[in-house]
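Before any comments, here is the structure.
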2 protein chains.
Amino acid sequence: MDEGTIEDALAARVRSAVSDGRLPPGTKLPEELLAEQWSVNRARIRTVLQRLSFEDLVELKRNRGAFIATPGIKEARDVFEARRVIERVTTEIVTRTILTPQLNALKARLDDRERTFLHGNRQQAIASISAFHRSLAALAHNESLAQALERLILRSALILGLYGTADTFARASAHYGTLLDEIERGESIVAARTMERCLFTLEKGLDLRPDAPRDVDLARVIGQVA
Amino acid sequence: MDEGTIEDALAARVRSAVSDGRLPPGTKLPEELLAEQWSVNRARIRTVLQRLSFEDLVELKRNRGAFIATPGIKEARDVFEARRVIERVTTEIVTRTILTPQLNALKARLDDRERTFLHGNRQQAIASISAFHRSLAALAHNESLAQALERLILRSALILGLYGTADTFARASAHYGTLLDEIERGESIVAARTMERCLFTLEKGLDLRPDAPRDVDLARVIGQVA
DNA sequence: GAGGCAATTATTGTCAACAATCGATATTGA
DNA sequence: TCAATATCGATTGTTGACAATAATTGCCTC
């Protein structure tokens, strides 16, 4: 068996589903259902859930099961403060070290983002914003920072899905163009501040009323290949 | 059974043993040995090891077993860079918000640290430094930052144990007194810079030659209560 | 009819036996 | 003597059955 990476694949599948809102907060993830949907043993599901709970993406309640986490307000504040701290620096590093092809790749991603935006799908917007920040951070070439940020980005996706309003993204969106321009011009300090402001905008745009819990066809969502 | 927290306890035990160097990098952790030492089922050991591997404290090699992680040089650099980023900010926050009793607690801890220092035990010095940074960060009241930092501190303990020289700690030590003074005077920016410099000192003091692998009486180390 | 209590059920937690895998050792041939 | 190889042993990975637990449902009493 070439397994050993199969757990990674399954965890990634859940992450992706959370990222784009197919699995809203509070959704229960029964072991047996996942097991049969993915045709693996329950023990392996257990491992996956364990890992996801370590990432604070799912909450493991003893004898109750696994649920997609539901971050509270205070947690939301913390997460965005932490992101500002980390992304300020990564932005600075990236501005000083980025090469042209990488910059162009970022620009392309930004275009994607704006296209998605016009399309109006909120969950896609969240996923797209996440991807942009991820890509930017990766260019700082620091595994520790990237790893710490990855968790925060995932939590943010949950938070934005829960509390994000339609124009939360619209307002934040305005910053991205500016950011890339400043990066291109090598103005590292200014770019870092723009990134910070962008994250501030996202945070300020949060609406504290949670969505009404949606019903989810779990089997379908889980069963999807990607 | 009031279990459900027993895995936490076991994981904590390993962390502690790593923190103060009783379990040096590369040490193999056989499931069965741990299981009988702690009189629990192997499945539970498996869970614990899994969790520790998420924290990058142990490396899980397929069909080979679990080993205490052995961070490389590049990783060491990354970790300290990340710590500077995070601790600069936490220091700043703490300086602006700390209350007198908390400050006194920190001072007491610092005294502890210096006493340990004179005592000359290197592993205790590492554990003590870790504890100090942890306490400081906790005062920033941001779970996300604290959590991210916790991992970095643990990795640092491994790294310092591997590459730290005798006077690595002596040099870094000089900063702590200054740091607390500046915090007391409320000079947040200056304090943040001092913290940064302290971490720089620690990093610069690393000696890249790893220790000769020590032999460890695993059963004894694992069996210890705390 | 409402509230509380008890049996039921669905789900997770635990366990021990079995299978698969890797490394080491011993053996054989040149 | 050295190298390549096959066998062996120790350790981990896997599986299914069983136990424990908490929510749910139905029932009984008030």
Side-chain angles (χ1 to χ4, degrees), chain A residues 1-11 14 23 25-70 213 215-223, chain B residues 1-14 23 25-70 213 215-223:
Chain A
M1 301 186 189
D2 63 337
E3 335 273 9
T5 178
I6 197 173
E7 276 103 345
D8 294 312
L10 298 181
V14 174
L23 287 178
T27 308
K28 180 172 185 186
L29 304 175
E31 296 184 352
E32 201 150 5
L33 174 59
L34 302 194
E36 69 184 31
Q37 279 294 325
W38 290 337
S39 9
V40 298
N41 193 284
R42 236 184 72 211
R44 206 164 282 187
I45 297 297
R46 209 151 237 276
T47 303
V48 173
L49 291 178
Q50 201 124 167
R51 178 180 311 191
L52 291 170
S53 104
F54 178 74
E55 298 170 2
D56 283 322
L57 220 81
V58 312
E59 201 172 336
L60 239 45
K61 298 186 184 173
R62 183 170 184 80
N63 285 317
R64 298 285 321 284
F67 303 81
I68 302 291
T70 306
D215 271 352
V216 179
D217 182 351
L218 195 52
R220 177 165 304 164
V221 172
I222 290 300
Chain B
M1 302 185 186
D2 63 336
E3 335 272 5
T5 179
I6 197 173
E7 276 103 345
D8 294 313
L10 298 182
R13 207 177 288 194
V14 173
L23 287 178
T27 308
K28 180 172 184 187
L29 304 174
E31 297 183 352
E32 200 150 5
L33 173 59
L34 302 193
E36 69 184 32
Q37 279 294 327
W38 291 336
S39 6
V40 298
N41 192 280
R42 238 185 71 212
R44 206 165 284 188
I45 297 297
R46 205 154 243 274
T47 303
V48 172
L49 290 178
Q50 197 105 218
R51 181 178 311 189
L52 291 170
S53 100
F54 295 156
E55 298 171 4
D56 282 322
L57 220 82
V58 312
E59 203 172 335
L60 238 45
K61 298 186 185 173
R62 184 167 186 82
N63 285 317
R64 298 286 320 286
F67 303 81
I68 303 290
T70 305
D215 271 352
V216 179
D217 181 352
L218 194 54
R220 177 164 305 164
V221 172
I222 289 301

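Each chain gets a letter, A, B and so on, in the order the sequences are listed, and its residues count up from 1. Just the heavy atoms: all of them, side chains too, but no hydrogens, waters or symmetry mates, feed the values below. Fair warning: this is a prediction, and the values are worked out from it, not measured in the lab.
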Query raised in the report: Do any side-chain nitrogens or oxygens of Arg64(A) fall under 4.0 Å of OP1 or OP2 in dT11(C)?
Result: no

Query raised in the report: Rounded to whole angstroms, how far apart are CD on Glu7(B) and P on dT14(C)?
Result: 6 Å

Requested in this report: Please determine if a side-chain N or O atom of Asn63(A) lies less than 4.0 Å away from the OP1 or OP2 oxygen of dA20(D).
Outcome: no

Query raised in the report: Taking atom P of dT11(D) as reference, at what distance in whole Å does atom CG of Leu49(B) sit?
Result: 15 Å

**Report entry** Test item: Glu55(B) and Leu52(B) side chains (from C-beta on) under 4.5 Å apart, heavy atoms
**Finding:** yes

**Report entry** Derivation and outcome, salt bridge (charged side-chain N to carboxylate O under 4.0 Å, His left out), residues Glu31(A) and Arg46(A)
**Finding:** CA-CA 7 Å; Glu31(A) 296 184 352; Arg46(A) 209 151 237 276; 3.4 Å; yes

Report summary line: Tightest non-hydrogen contact, residues Ile68(B) and Leu23(B), listed as CG2-O, 4.0 Å

Query raised in the report: Taking only N and O in the side chain of Arg42(B), is any of them less than 4.0 Å away from OP1 or OP2 of dA16(C)?
Result: no

Query raised in the report: When the distance from CD of Glu32(B) to P of dT12(D) is rounded to whole Å, what number comes out?
Result: 8 Å

**Report entry** Identified side chain to side chain contact (heavy atoms under 4.5 Å, CB included) counterpart of Val48(B) within the set Asp8(B), Ile6(B), Leu10(B)
**Finding:** Leu10(B)

**Report entry** Closest non-hydrogen atom pair between Thr70(A) and Pro25(A), with its separation
**Finding:** OG1-CB, 3.6 Å

**Report entry** Under the ring-ring contact (aromatic ring centres under 6.0 Å, His included) test, residues paired with Phe54(A) that sit two or more places apart
**Finding:** Phe54(B)

Query raised in the report: To the nearest Å, how far apart are Glu36(B) CD and dA10(D) P?
Result: 14 Å

**Report entry** Value in whole Å for how far the P atom of dT12(C) lies from CZ of Arg44(B)
**Finding:** 17 Å

Query raised in the report: Between dT15(D) atom P and Ile45(A) atom CD1, what is the distance in whole Å?
Result: 12 Å

**Report entry** Asn41(A) CG - dA17(D) P separation (whole Å)
**Finding:** 11 Å

**Report entry** Between dT15(D) (C1') and Arg46(B) (CZ): distance, integer Å
**Finding:** 12 Å

Query raised in the report: Does Arg62(A) make a side-chain N or O approach to OP1 or OP2 of dT14(C) shorter than 4.0 Å?
Result: yes

Query raised in the report: Taking C-beta and beyond as the side chain, do Trp38(A) and Arg44(A) meet within less than 4.5 Å on heavy atoms?
Result: no

**Report entry** Pairing annotation in dot-bracket form, given for DNA chain C with Watson-Crick or G-U pairs under 3.5 Å and | for cross-strand partners
**Finding:** ||||||||||||||||||||||||||||||

